[in-house]
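To keep things clear, I will list the structure first and then write my remarks on it.
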Amino acid sequence: MGEKKKKIIKTIKIDADKCSGCRACEVICSAFHAAPKYGTTNRARSRIRLIRDPLKDIYVPVYAGELAAAECMGRDKYVIDGKEYDECAFCRASCPSRDIFKEPDSGLPLKCDMCEGESEPLCVKWCLPKALTYEEREEEVEEEVKLGEMEIGLQALVDKYGLQKVVETVVQMAQKV
Ligand code: SF4
Ligand code: SF4
């Protein structure tokens with residue numbers, strides 16, 4: 001058992017019934033994470049992507065989660081209230097099976113960081129229909145990120161993208177902090 005420590009749990013509640021499909025969340029996310037900040041917008045670089053199919057009345061925002069080094073053994077496909085969604089539609093992973101949640105040029109994984117440093121995630125702030133709501137609470141959890149795990153993650157990236165790309169990205173990230 002690891003040591004317990006306090007952790008802030010950050011949650012964005014998504015009321016998909018209120019989503020208008022405007023994609024403002026995708027635009028602001030890509031602008032906030034551009035280098036320089038707000039220098040460009042490119043929805044393909046957003047850490048939130050909208051499942052959008054107006055003909056089926058489908059508008060569901062999905063946030064980028066962790067990198068998946070390998071595909072799952074099988075895929076899921078949902079039908080909810082008579083609406084059929086694409087394969088893996090609700091998955092948050094940056095996964096080899098698809099292009100979303102990856103930098104369009106380098107293919108490096110994108111992950112929502114809850115707009116670290118801002119008082120509130122910008123996608124929440126910019127969602128005028130208020131489909132997104134931000135909540136924080138404190139929880140006692142076991143100490144999680146051990147150096148070993150971090151090394152494993154880095155090794156996976158190096159295997160996939162090459163050491164130079166990983167180093168360049170780390171440098172870019174360091175400049176944004
Ligand atoms: S900004 Fe809000 S309403 Fe617009 S697409 Fe994003 S979640 Fe939906
Ligand atoms: S919380 Fe920030 S990083 Fe995450 S999707 Fe929203 S705008 Fe992007």
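Numbering of ligands and ligand atoms starts at 1, following listing order. Since we're looking at a predicted model, the values are computed, not measured.
A donor-acceptor contact shorter than 3.5 Å is absent between the side chain of Arg47 and the backbone of Gly65. In terms of modelled atom types and a separation under 3.5 Å, the side chain of Ser30 and the main chain of Ser46 share no donor-acceptor contact. Between the side chain of Lys56 and the main chain of Arg52, no donor-acceptor pair closer than 3.5 Å is present.
Ranking protein heavy atoms by distance to atom 2 (Fe) of ligand 2, first place goes to Cys115 SG, 2.2 Å. Atom 6 (Fe) of ligand 1 has as its closest protein heavy atom Cys25 SG, 2.3 Å. Ranking the protein heavy atoms by distance from atom 1 (S) of ligand 2 puts Pro121 CB, 3.4 Å first.
Taking the six-membered ring where tryptophan is involved, the planes of Phe90 and Tyr78 are perpendicular, since the angle between them exceeds 60° and thus also 30°.
Numbered from 1 in the order shown, with element, the atoms of ligand 1 that lie under 4.0 Å from a heavy atom of Cys127 read 1 (S), 2 (Fe), 3 (S), 7 (S). Each of the following atoms of ligand 2 lies closer than 4.0 Å to a heavy atom of Cys29: 3 (S), 5 (S), 7 (S), 8 (Fe). If you number the atoms of ligand 2 from 1 as listed, the ones under 4.0 Å from a heavy atom of Tyr63 come out as 5 (S), 6 (Fe). In summary, the atoms of ligand 1 found under 4.0 Å from a heavy atom of Pro61, numbered by their order in the structure, are 7 (S). Close contacts of ligand 2 with Cys112, meaning ligand atoms under 4.0 Å from a residue heavy atom, involve 1 (S), 3 (S), 4 (Fe), 5 (S). Atoms of ligand 1 found under 4.0 Å from any heavy atom of Arg23, numbered from 1 in the order shown, are 4 (Fe), 5 (S). Near Pro129, meaning under 4.0 Å from one of its heavy atoms, ligand 1 places the atoms 3 (S). Close approach of ligand 2 to Ile48 is summarised as follows: ligand atoms under 4.0 Å from at least one heavy atom of the residue are 5 (S).
Atom 3 (S) of ligand 1 has its nearest heavy-atom neighbour, among Ser46, Ser20, Ala24, in Ser20.
Using a 4.0 Å cut-off between charged side-chain N and carboxylate O, Lys5 and Glu140 make no salt bridge. Taking 4.0 Å as the cut-off between side-chain N and carboxylate O, Lys83 and Asp57 count as a salt-bridged pair.
Annotation: Glu136, atom CD; neighbour count of heavy atoms from other residues, nucleotides and ligands within 6.0 Å is above 12.
If you look at Asp113 next to ligand 2, the close heavy atoms, those under 4.0 Å, come from the backbone and the side chain alike. When heavy-atom distances to ligand 2 are checked against a 4.0 Å cut-off, Glu118 has no atom that comes that close, whether in backbone or side chain. Neither the backbone nor the side chain of Phe32 has a heavy atom within less than 4.0 Å of ligand 2. Under 4.0 angstrom from ligand 1, the non-hydrogen atoms of Cys22 come from both its backbone and its side chain. When non-hydrogen atoms are compared, ligand 1 lies under 4.0 Å from the side chain of Leu50 (C-beta onward) but not from its backbone.
Nearest heavy-atom pair across Pro61 and Ile14 is CD-CG2, 3.7 Å.
Residue side and main chain included, Cys19 places an N/O/S atom under 2.8 Å of atom 8 (Fe) of ligand 1. Atom 2 (Fe) of ligand 1 has no N, O or S atom of Cys123 closer than 2.8 Å.
In the hydrophobic clustering of ILVMFWY residues, with side-chain heavy atoms under 4.5 Å counting as a link, Met173 and Val167 come out apart. A single hydrophobic cluster is not seen to contain both Val124 and Val27; linkage of ILVMFWY side chains at heavy-atom distances under 4.5 Å, directly or through other members, places them apart.
At least one side-chain heavy atom of Tyr63 sits less than 4.5 Å from a side-chain heavy atom of Leu132.
Under the 4.0 angstrom criterion for non-hydrogen atoms, Ile28 is not in contact with ligand 2.
Taken to the nearest 0.5 Å, the CZ atom of Arg92 stands 11.0 Å off from the CD1 atom of Ile100.
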